[in-house]
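One structure is given below, encoded as structure tokens.
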Amino acid sequence: MRQNSLQQRLGLNTLRFFVLLVLLFLGIILWEVFSKGSGVINSGFLFDYPRKGMTLGGIFPTIMGTIFVTLVTTIFAIPMGIATAIYLSEYANDNGINRLIRASIRNLAGVPSIIYGLFGVAVFVQGMGLGSSVLSSGLTLGLLTLPYIITTTEEALKNVPHSYREGALALGATKWEAIWTNVLPSAVSGIVTGSILGLSRAAGETAPILFTGVAFYLRYLPGSVYDSFMAMPYHLYILSTQHHAIEEVRPLAYGTALVLLSLVFVLNIIAFIIRYRYRNFNKARI
Amino acid sequence: MKPKLAVRNLHLHYGTKEVLKGIDLDVPENNIVALIGPSGCGKSTLLRAMNRMHDLNPEAKVKGKILLDDDDIYAPGKDVVAVRRKIGMVFQKPNPFPKSIFDNIAYGLKIAGENNKQKLHAIVERTLRSSYLWEEVKDDLDKSALSLSGGQQQRLCIARAVAVEPEVLLMDEPCSALDPISTARIEELMLELKKQYTIVIVTHNMQQAQRVADLTAFMYFGEVIEFAPTRQLFDAPQMELTANYLSGNFG
Ligand SMILES: Nc1ncnc2c1ncn2[C@@H]1O[C@H](COP(=O)(O)OP(=O)(O)OP(=O)(O)O)[C@@H](O)[C@H]1O
Ligand SMILES: [Mg+2]
């Protein structure tokens, strides 16, 4: 008896220790970025172009570039991911081929992002002749997020009670009507959360855009999806490792990191709000 | 009299396991037919075969015929959606959709293409009244149906099924999750609905079968052992199995 409770306490405290450790690291990172980056943040930093070899000025084109490319990713990856998930969860039966497809999609989520970058160069930039552009990068990032969107959406659909489907069918709905009017609305919060988290990961990626469309420095914003663009993660990478005066631009690097983190944070807040509203609506479910 | 719904030599396999072994059953119009029998004998399976719910399950193989007004619902090329619109179903566990009370009732009508607001309102009110739910929910039509009690939810599900005006109503243990008062209300409702609809109900409650059913079928291991007017089946069963079951010797 005593031995057991001692073990229990020991186990619990070990777990606590690791949780604290993780929180500590997270806290240090946030503190680093915030304390060193917040000093340079002002309207000039947010709305000006970089000047004097990036030692002065702001990061406006990188913010716009990241938003632009993430939009292309959204337009490509969300409909495609949701459609695939609906097919896999509602229509595909459980045979060998479909199991293989599911396993492949799961595994794709673990492929290093640089591989996606190389694939993007081969297929979008050169193969399809889209060139080094917002479109090529957006599609490459889309491929990167697809496995994530598909798996979370499939999960959300699987969580919708079977009785919602049967209930709709028994009232004379077609399978598609049952899915569209009944299953999807019940899964919205899960789908949206998954999609936004996937997109926020894409927004912070460097490797996939490296060869497919991002530019070191541009004097203009991209005018169409066929132009190259600047992006925050890449800008950060340049400022912190490739710049000729790294020490001098360090505060700018931290400022960029802070803006990027804030963007990701905002996306996560949006996901949270959507989930919260839908949860309220579904709360009475027993 | 010609039966409204007629099951003819129906076999059903789940994979290799035969669950229904040649069922024959005649359901007369404006009658309530009760299916009774021990757990696992195939009552739900038979009921679900009557509106082709097994179509969803690739494991389930159906052989034989089910005739609705002499028209085989399993005939090749038959429009399943049309069949289900004529043969509605109420499930054992109340399954209101996570929508408002109004939208739950209007659901079947909307997917059938009815968009006229006034007409929808009229039908919603009428069906809620007919399922004795109107007085309880008339001020809360916009509230989530999930906020209703279990008994109210089940009456809502019945109202929802009735709103599309099917010809036959299938009910799988509709009262198993409800208290005696809710049960009594639903039985009352069934007796009322019988005037317009034909009802098949699965029940484990012998008293309930005797209270509502005109005819009762006793099923055992995938077969209908005895099918007779309810009074006769309970008072003077012809088969020994039936007598044993009713006297509580097994099941
Ligand atoms: N989806 C399924 N796949 C395989 N076997 C099934 C499936 N559904 C039911 N069965 C089997 O079919 C038999 C009949 O089941 P059914 O649900 O029709 O019984 P029931 O008479 O309704 O029982 P209960 O009174 O417990 O509801 C059971 O042996 C059950 O194990
Ligand atoms: Mg059953």
Side-chain angles (χ1 to χ4, degrees), chain A residues 86-99 101-102 153-193 274-286, chain B residues 47-48 50-59 79-101 103-113 143-150 153 156-157 159-166 169-172 177:
Chain A
I86 291 176
Y87 175 77
L88 286 177
S89 141
E90 307 293 322
Y91 288 95
N93 42 23
D94 200 28
N95 59 23
I97 297 180
N98 288 322
R99 271 204 294 272
I101 292 178
R102 278 198 192 94
T153 303
E154 214 190 327
E155 217 58 54
L157 292 173
K158 288 252 141 75
N159 280 335
V160 176
H162 201 62
S163 63
Y164 289 6
R165 298 176 176 83
E166 289 194 330
L169 292 176
L171 288 170
T174 61
K175 191 166 180 181
W176 172 247
E177 283 167 338
I179 293 169
W180 185 250
T181 60
N182 232 351
V183 179
L184 275 181
S186 310
V188 159
S189 76
I191 295 173
V192 169
T193 313
I274 294 175
R275 200 169 36 194
Y276 184 76
R277 297 183 104 177
Y278 270 85
R279 177 170 318 147
N280 266 356
F281 177 64
N282 281 345
K283 191 147 63 183
R285 186 191 298 177
I286 333 151
Chain B
L47 200 73
R48 292 164 64 82
M50 291 177 177
N51 72 343
R52 294 193 56 171
M53 272 295 159
H54 294 300
D55 287 19
L56 294 182
N57 182 354
E59 285 279 289
D79 179 2
V80 196
V81 169
V83 168
R84 296 205 188 109
R85 211 157 270 171
K86 287 191 200 159
I87 307 180
M89 186 157 199
V90 175
F91 297 83
Q92 174 171 359
K93 234 179 94 200
N95 61 343
F97 305 138
K99 301 175 186 294
S100 71
I101 293 172
D103 285 339
N104 262 276
I105 308 281
Y107 185 85
L109 299 160
K110 279 189 183 160
I111 54 173
K143 264 191 15 194
S144 169
L146 300 172
S147 61
L148 297 173
S149 77
Q153 287 188 3
L156 180 84
C157 290
R160 188 173 72 183
V162 168
V164 295
E165 309 211 310
L169 206 53
L170 310 173
M171 302 176 149
D172 194 349

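Chain identifiers are assigned alphabetically (A, B, ...) following the order of the sequence lines, protein sequences preceding nucleic acid strands; residue numbering begins at 1 within each chain. As the structure is a computational prediction, the values presented were derived from the model and not from experiment.
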Might you confirm whether atom NZ of Lys143(B) has over 12 heavy atoms from other residues, nucleotides or ligands at distances under 6.0 Å?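 Not more than 12 within 6.0 Å, no.
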Residue from Ser186(A), Pro161(A), Pro185(A) passing side chain to side chain contact (heavy atoms under 4.5 Å, CB included) with Pro98(B):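 Checked Ser186(A), Pro161(A), Pro185(A) against Pro98(B); only one passes side chain to side chain contact (heavy atoms under 4.5 Å, CB included): Ser186(A).
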For [X] and [Y], work out which heavy atoms get closest and say how close.
X	Y	value
Glu166(A)	Met53(B)	O-CE, 3.5 Å
Lys99(B)	Thr181(A)	NZ-O, 2.6 Å
Tyr164(A)	Phe97(B)	O-CE2, 3.5 Å

Looking at chain A, which one of Lys86(B), Lys93(B), Arg84(B) has the largest number of heavy-atom pairs inside 4.5 Å, strictly under?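 Most pairs with chain A among the choices: Arg84(B).
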Can you pull out the residues in residues 167-180 of chain A with any heavy atom less than 4.5 Å from chain B? Gly167(A), Ala168(A), Leu169(A), Ala170(A), Leu171(A), Gly172(A), Ala173(A), Thr174(A), Glu177(A), Ala178(A)
Per-residue contact mode, [X] against chain A (heavy atom under 4.5 angstrom):
X	result
Arg52(B)	neither
Leu56(B)	side chain
Pro166(B)	neither

Inter-residue atom distance Asn182(A).CG - Tyr107(B).OH, 0.5 Å rounding: 4.5 Å
